[in-house]
Amino acid sequence: MTPTKPRVALVTGAAGGIGRAMVAALLEAGHAVAAMDRDAAALDALRALHPDQPRLHALCADLGTEAGCAGTIADTLAHFGRIDALVNNAGIGVSSLRPDAETRLPAIEELDAATWDRFFAINLRAPMLLLRGALPHMRAAGWGRVVNNTTSFRTMLRVLPYGATKAALESASAIWAQELAGSGITVNVLIPGGPTDTPFISDATGWDRAAMLKPAIMGPPLAWLLSDAADGFTGHRIIAAGWSEATLAYRAIGWPELGADAVWLQGS
Ligand SMILES: NC(=O)c1ccc[n+]([C@@H]2O[C@H](COP(=O)([O-])OP(=O)(O)OC[C@H]3O[C@@H](n4cnc5c(N)ncnc54)[C@H](O)[C@@H]3O)[C@@H](O)[C@H]2O)c1
């Protein structure tokens, strides 16, 4: 990778399987990382992976609350004095409802209002609240990166409420990219590209862990997205499983070609 300016990145869900790989890749690339998670013990384990690393700041908060999101931004700013990149990686899946929910999908009757609200609060509302908190600082710098971890289209059409929250985050990503075009702040989606070997996938699925994608594949494309080489690269969707710095494979966020059959009014 070509040398790039060191940045301050806030990574959510940093103590999870993919988050840890992201933190390692960003530190390796020379960036400072505010690693946030709600799991204090897992954050301790993350810190132990990078002993005496002054560019790593672990912070514990709950993204399910508005105060937790505001506190995350405040803590990052208090520690590093700036925030250049927001990596919305934290998420909950249906294994958090019951261990076998990936293979015995939650039925309509199982999804009460509190469950529905919790999924949307963590997977969709938190990225929006964090962006609102970070945006003034990115605008002042004239530079910023937003990277959202959504999921595969197949999953969006397969499993509730998870798929709906991620479809909504995909939609928000496309809209934010358009809204922020020309500001120096880019918005992109980065996903693994299939089941990934982390605690997110319960052993109760019976799926072969050896056949799953490895979290480390998220590191190189994330580091590239934070690099100066990715200036102006916005509104795109990177699938880590098919990415290399040589090919820079990407497509548009969402599936804009599916919009072609809509009937629009002139000028709308
Ligand atoms: N593992 C997969 O197969 C897969 C595939 C596609 C996308 N993803 C997405 O990747 C992201 C990371 O998933 P992972 O596989 O590393 O899972 P993981 O469960 O290992 O990590 C998720 C992390 O998010 C944290 N988190 C959850 N709720 C939180 C909250 N309210 N506040 C703060 N932190 C919270 C958890 O404590 C955990 O450390 C998720 O958004 C997930 O939807 C995962």
Side-chain angles (χ1 to χ4, degrees), residues 10-25 34-47 49 58-73 75-76 86-97 99 101-103 115 117-127 129-130 147-156 158-170 172-173 189-203 205 207-209 211-219 221-222 237-242:
L10 166 61
V11 178
T12 68
I18 290 172
R20 279 183 185 208
M22 289 176 151
V23 170
M36 87 78 62
D37 206 289
R38 70 173 167 193
D39 185 335
L43 279 174
D44 286 344
L46 173 68
R47 245 188 309 241
L49 291 174
L59 65 107
C60 193
D62 180 2
L63 291 177
T65 69
E66 195 174 356
C69 293
T72 294
I73 296 294
D75 191 335
T76 303
L86 168 63
V87 183
N88 287 309
N89 169 68
I92 55 168
V94 290
S95 296
S96 67
L97 294 178
E102 284 281 2
T103 46
T115 303
D117 286 352
R118 186 160 49 85
F119 270 78
F120 273 91
I122 296 169
N123 291 3
L124 177 69
R125 192 181 70 164
L129 290 176
L130 294 174
V147 180
N148 294 332
N149 188 351
T150 63
T151 193
S152 304
F153 192 39
R154 180 179 181 277
T155 304
M156 294 178 189
R158 192 180 79 90
V159 46
L160 288 176
Y162 176 73
T165 65
K166 293 295 190 171
L169 183 58
E170 184 90 16
S173 307
V189 164
L190 171 62
I191 61 161
T196 308
D197 184 10
T198 75
F200 192 84
I201 308 277
S202 165
D203 287 335
T205 57
W207 296 345
D208 178 10
R209 290 207 174 268
M212 292 184 199
L213 297 171
K214 299 302 164 212
I217 61 172
M218 296 288 271
L222 179 64
R237 174 171 230 274
I238 291 180
I239 299 174

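Remember, predicted model here, so these are calculated numbers, not experimental data. Counting starts at 1 for both ligands and their atoms, in listed order.
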Heavy-atom contacts under 4.0 Å between [X] and ligand 1: side chain, backbone, both, or neither?
{"X": "A61", "value": "backbone"}
{"X": "N89", "value": "both"}
{"X": "T198", "value": "side chain"}
{"X": "I201", "value": "side chain"}
{"X": "M212", "value": "neither"}

| request: Report the C-alpha distance between L97 and F119 in whole Å, list the side-chain angles of each, state the deciding distance to 0.1 Å, and finish with yes or no for side chain to side chain contact (heavy atoms under 4.5 Å, CB included). | output: CA-CA 10 Å; L97 294 178; F119 270 78; 3.9 Å; yes
| request: Let me see the working for M218 and L213 under side chain to side chain contact (heavy atoms under 4.5 Å, CB included), right down to the final yes or no. | output: CA-CA 10 Å; M218 296 288 271; L213 297 171; over 6 Å; no
Could you list the atoms of ligand 1 found under 4.0 angstrom from a heavy atom of [X]?
{"X": "P195", "answer": "3 (O)"}
{"X": "A90", "answer": "24 (O), 41 (O)"}
{"X": "A15", "answer": "39 (O)"}
{"X": "P192", "answer": "5 (C), 6 (C), 7 (C)"}
{"X": "G64", "answer": "31 (N)"}

What residue and heavy atom of the protein are closest to [atom], and at what distance?
{"atom": "atom 9 (C) of ligand 1", "value": "N149 ND2, 3.4 Å"}
{"atom": "atom 21 (O) of ligand 1", "value": "G16 CA, 3.4 Å"}
{"atom": "atom 22 (C) of ligand 1", "value": "G91 O, 4.0 Å"}
{"atom": "atom 34 (N) of ligand 1", "value": "R38 N, 3.3 Å"}
{"atom": "atom 24 (O) of ligand 1", "value": "G13 CA, 3.4 Å"}
{"atom": "atom 43 (O) of ligand 1", "value": "Y162 OH, 2.5 Å"}
{"atom": "atom 17 (O) of ligand 1", "value": "F200 CB, 3.2 Å"}

| request: List for me each residue that meets side-chain hydrogen bond (donor to acceptor under 3.5 Å, both in side chains) alongside D75, sequence neighbours excluded, and say none if there are none. | output: H57
| request: Could you list the residues that satisfy side-chain hydrogen bond (donor to acceptor under 3.5 Å, both in side chains) with T76, not counting sequence neighbours? | output: none
Below 4.0 Å from ligand 1: does a non-hydrogen atom of [X] turn up there or not?
{"X": "I191", "answer": "no"}
{"X": "G93", "answer": "no"}
{"X": "A42", "answer": "no"}
{"X": "D197", "answer": "no"}

If I apply the N/O under 3.5 Å rule, does [X] come out as touching ligand 1?
{"X": "L63", "value": "yes"}
{"X": "M36", "value": "no"}
{"X": "I92", "value": "no"}

| Within-4.5 Å side-chain heavy-atom neighbours: L129 and T72 | no
| message | Heavy atom to atom 39 (O) of ligand 1, shortest distance: which of N123, D37, L169 holds it? | response | D37
| Residues T150 and E170: side-chain donor-acceptor under 3.5 angstrom | yes
